[in-house]
Each structure stands twice: as C-alpha cells, then as structure tokens.
Amino acid sequence: MEYQRPETKILKQRINEDRKFIQVITGPRQVGKTTMIQQVLRNYNGLYTFLNLDLASANGNIQTEQAWNLARLKIKNGETNSYLIVLDEIQKVKNWSELIKKEWDYDTFNGINIKLILSGSSRLLIQQGLTESLAGRFELIRATHWGYDEMKAAFNISPEQFIFFGAYPGAVTLIGDENRWREYIINALIETTISKDILHLTRIDKPALLRELFESGVAYSGQILSYNKILGQLQDAGNTTTLAHYLNILSQAGMLTGLSKYSPNKLLARSSSPKFQVYNTAVSGALSGKSYNEAVSDSKIWGRHFESAIGAHLLNSSVKQNFELYYWREGNDEVDFIIKKGDKTAAIEVKSGLKKSYGGINALRKKAGDIKGYIVGETGIPFEEFTHTSPADLL
C-alpha cells in the first residue's frame, strides 16, 4: 500500500470542501509535494488540469491562462459545476502572484467555482508572492523533510540508516550503492536546489561565497561559529551581513540554517554566533567524505551525525508547529537545543554516548528559571522514541 503523508489527507479534505481558498503547498525539493498532489488527484471525482511549470518559465503565463480559459469554458458549457487547476512549481512563472490574483478575483466576483492548488519549492518566493498579492485568499500546507517515523513506515529503514542517509524518499533505493547515492544527493538535490531555486530565482551577488558558506555550514552542522571565523575560512570575499543574508536564503530553501543563542532579549539572540544545522542529514552524510560504516564505527563522527539528526527533527517540526528553536552556551556550559513557544520553554541535551550529564540544563536553569529538561540518546530518551514524539508536547 502506498504511503501517504499527513499533508495528503489535509489537502484531500480541503479541496472537497465548499469553502473557496487557494491551497498553497510549500516545501523543499524532493519531499513529496508532487506525489502528494498526484495521490489526491487519483481519488478526485471532478475535472482538473495539472501543469508542471518547472521547465515553463518562458511560457508559464500563457499555459496558466489557457488552463483557466479551459476551466471556464467547461463550466460555461455545463460539463461541470466546478473545476480544479493545479499549478506545480508556480514560482517559475514570472509575476505569478499578480496573475493568480487577477484570475482568482475575477472568478470570485462572477461566482465561477474554480478551485486552485499551487505548489513550489522556493519558500522565499512563494511567501513573498502570497504576502504581496494573495493575502486573505489562501491556506498554507507546509511539506517539510520526512521524519524518521515516516521513513520507517514507508521504507522500513533503521534509525542508523536514517541518521546517516537522511530523509529523501527518492534516494532510499540507492543506499545500497553509496557512491551512486552520494552522486544523487549532490547532483540531483543539492546542486539543483542551489542552481534552480536560489541562484536562478534570487539575486545573489556572490554565488561562490554562497556555495562556500553552504559547504562550510554543512561540515560544521551542530557546531557554533562566529561569522568572522566563518569568513576567515572562506576564499571568497564578503562580510558578516552578506553571510547572514545568504544563510537565511539557504534556510528558506530547506537546506541549512543558523540557530540563534537563546536569550530573553531577542535582539541579543539575533546578534549571536549561529549554530549551523542541516534540515536533512542526507546533505551532511553525502558531503562528509566518510562511508556509512566509517561513520557508525567512529564515536566522535557518529555523535555529530546523531546530534544533527535530532536537530533536523526539531527544525522541521518547528516549521509546522510554529515554535522557536535555539541553542544556549555560556563558558563551558551548553544546551544543544532550546524550544520555545509563548511562555513555555524546554531544554534538550543530546548524548550519543554513555555519559549522562545535566550540567548545561542546570546552568541554564540558574539563569532562566525552572524550565523542562530532556536528555536524548543512549542514557536518556532513545532516538526512535524521541523522534516519535511531537516536540510541542515537550513544552
């Protein structure tokens, strides 16, 4: 039986409702957005048009307008009372949000029942278009990278395989041939995202610097580095403002982010040195230069992969559950992850080895009060149990 993500059920329910909203699906490449739409369409009883606009940047406006004209004609001729238009990779169409607004508002004013699904892998451009032109007209469905629960249910992989090979469904069948798997991750996912979703669609004055930042950030995933130290390791010239901007773009693409230091003062948090964190550990596994067996057998290397996997679980959950994710460090005391929502806060220490320590959590409590604390790893909550838990339930 084909696995369906929870978002599939949400989309299926919404397009069968009478309420008129544009359904917008955003998420990184290769997390199943198109598959989710296809699963819904296979069970959809009405008429629809599906357009993949990934390669249609030159004539995407014409294709979109034609889809609308066809839908209106079928409704006018009495073939159907409603019509569904699906536009995949909508951000590839020039001025897409203005075009959608014009057509959508015309239908709304004239009582024409055309339903609309938009999807896109550029969260930055999609969000910009929604804010500028489509406010009040859409509902958002966020498709994040897969969690371990999903990968286990769909492909029956082990926690260790998930930690190293990550969570791209399309790459699972390749993990038996690591060289082929690595080439796929680098060329079909990393390079495609940077070239097509970032450099092609976003103004980047120093593309070499962005690439260097990405590679360095992935190599140091789970570690805290100042922007000045990062600049000292990069060959291309830049400044801290440029690095922070590029890191934000990489985060919007669902590739790499920089967590801020936890502080009650949000201004201090934003100005802190970032802790790098990948969204999908396939990226760090592919670029590590180590094989799966080498990584598993080296406790130091495996500890970094383990912490990155926990961080990725929290990071992707934060996108859906709207909580803030931080780290904390003062002197030798450190807490790997802090989750905060409203006035509720929880501290999480990741311990992949046998040593059990609450030192960082206890030091934080002296500064921030009595907050909830959790140990994740062999001496605390097991990986599989923790990733089965909704982070919001820890608060």
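For this chain, numbers begin at 1 and follow the sequence in order.
For residues 221-232, the set of pairs meeting the salt bridge (Lys or Arg N to Asp or Glu O under 4.0 Å) definition, not counting sequence neighbours, is empty. Sorted by first and then second residue, the salt bridge (Lys or Arg N to Asp or Glu O under 4.0 Å) pairs with a member in residues 67-80 read R72-E103, R72-D107, K74-E79; sequence neighbours excluded. Annotation: salt bridge (Lys or Arg N to Asp or Glu O under 4.0 Å) contacts involving residues 140-150, sequence neighbours excluded, comprise R5-E150.
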side-chain contact (heavy atoms from CB on, under 4.5 Å) between M255 and V283, intermediate numbers included: CA-CA 8 Å; M255 298 294 286; V283 171; 4.3 Å; yes
If you apply the rule ring pair (Phe, Tyr, Trp, His ring centres under 6.0 Å), what do you find for Y148 with F162, and how did you get there? CA-CA 7 Å; Y148 175 64; F162 176 83; 5.5 Å; yes
Do I198 and I249 pass the side-chain contact (heavy atoms from CB on, under 4.5 Å) test, and can you show the C-alpha distance, the side-chain angles, and the key distance before you say yes or no? CA-CA 8 Å; I198 296 179; I249 290 173; 3.7 Å; yes
Kindly determine whether K196 and R29 satisfy side-chain contact (heavy atoms from CB on, under 4.5 Å), including the steps that lead there. CA-CA 10 Å; K196 297 185 71 173; R29 282 186 175 271; 3.9 Å; yes
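When all heavy atoms are compared, the tightest approach of A346 to L395 is N-CD2, 3.7 Å. When every heavy atom of V278 is checked against every heavy atom of A312, the shortest pair comes out as O-CB, 3.7 Å. Here the closest heavy-atom approach between residue Y279 and residue L256 is recorded as CD1-N, 3.6 Å. Minimum heavy-atom separation, I338 to A347: CD1-CB, 3.9 Å. Closest approach of P274 and I230 over heavy atoms only: CG-CD1, 4.5 Å. Shortest non-hydrogen contact noted between P28 and A253 is CB-O, 3.7 Å.
Between L364 and D333 the shortest side-chain heavy-atom distance does not fall below 4.5 Å. Looking at heavy atoms from C-beta onward, T389 lies in side-chain contact with L394 at the 4.5 angstrom threshold.
Side-chain N or O atoms of Y184 include none that pairs as donor or acceptor with a backbone N or O of N179 at under 3.5 Å. Side chain of N239 to backbone of T242: a donor-acceptor contact under 3.5 angstrom is found. A side-chain donor-acceptor contact under 3.5 Å links E294 to the backbone of S291. Between the side chain of K290 and the backbone N or O of D298 there is no donor-acceptor pair closer than 3.5 Å. Without hydrogens or angle criteria, T35 side chain to G32 main chain gives no donor-acceptor distance under 3.5 Å. The main-chain N or O of A167 is found under 3.5 Å from a side-chain atom of N280 such that the two form a donor-acceptor pair. A donor-acceptor contact shorter than 3.5 Å links the side chain of R137 to the backbone of A135. Judged by distance alone, with hydrogens and angles left aside, the side-chain atoms of K33 form no donor-acceptor pair with the main-chain N or O of S121 at under 3.5 Å.
Placement of L140 and F21 in two distinct hydrophobic clusters is found when ILVMFWY residues are connected by side-chain heavy-atom separations under 4.5 Å, directly or transitively. No chain of hydrophobic side-chain contacts below 4.5 Å, direct or via other Ile, Leu, Val, Met, Phe, Trp or Tyr residues, connects W104 to L73.
For the side chain to side chain contact (heavy atoms under 4.5 Å, CB included) with D336, the qualifying choice from V350, I310, L314 is V350, the only one to do so.
Between F306 and F383, the ring-plane angle classifies as tilted under the 30° and 60° cut-offs. Taking the six-membered ring where tryptophan is involved, the planes of Y3 and W146 are tilted, since the angle between them lies from 30° to 60°.
Its side chain within the 4.5 Å cluster rule, I10 clusters with L11, I15, I25, M36, I37, V40, L41, Y44, Y48, F50, L84, V86, I117, I141 among the Ile, Leu, Val, Met, Phe, Trp and Tyr residues.
Here Y292 pairs with F164, F165 under the ring-ring contact (aromatic ring centres under 6.0 Å, His included) rule; sequence neighbours left out. Residues passing the side chain to side chain contact (heavy atoms under 4.5 Å, CB included) test with R304, sequence neighbours excluded: Q223, K300, I301.
The cationic group of K102 does not satisfy the cation-pi geometry with W68, failing either the under 6.0 Å distance to the six-membered ring centre or the 45° limit from the ring axis.
At most 12 non-hydrogen atoms from other residues, nucleotides or ligands lie less than 6.0 angstrom from CZ of R19.
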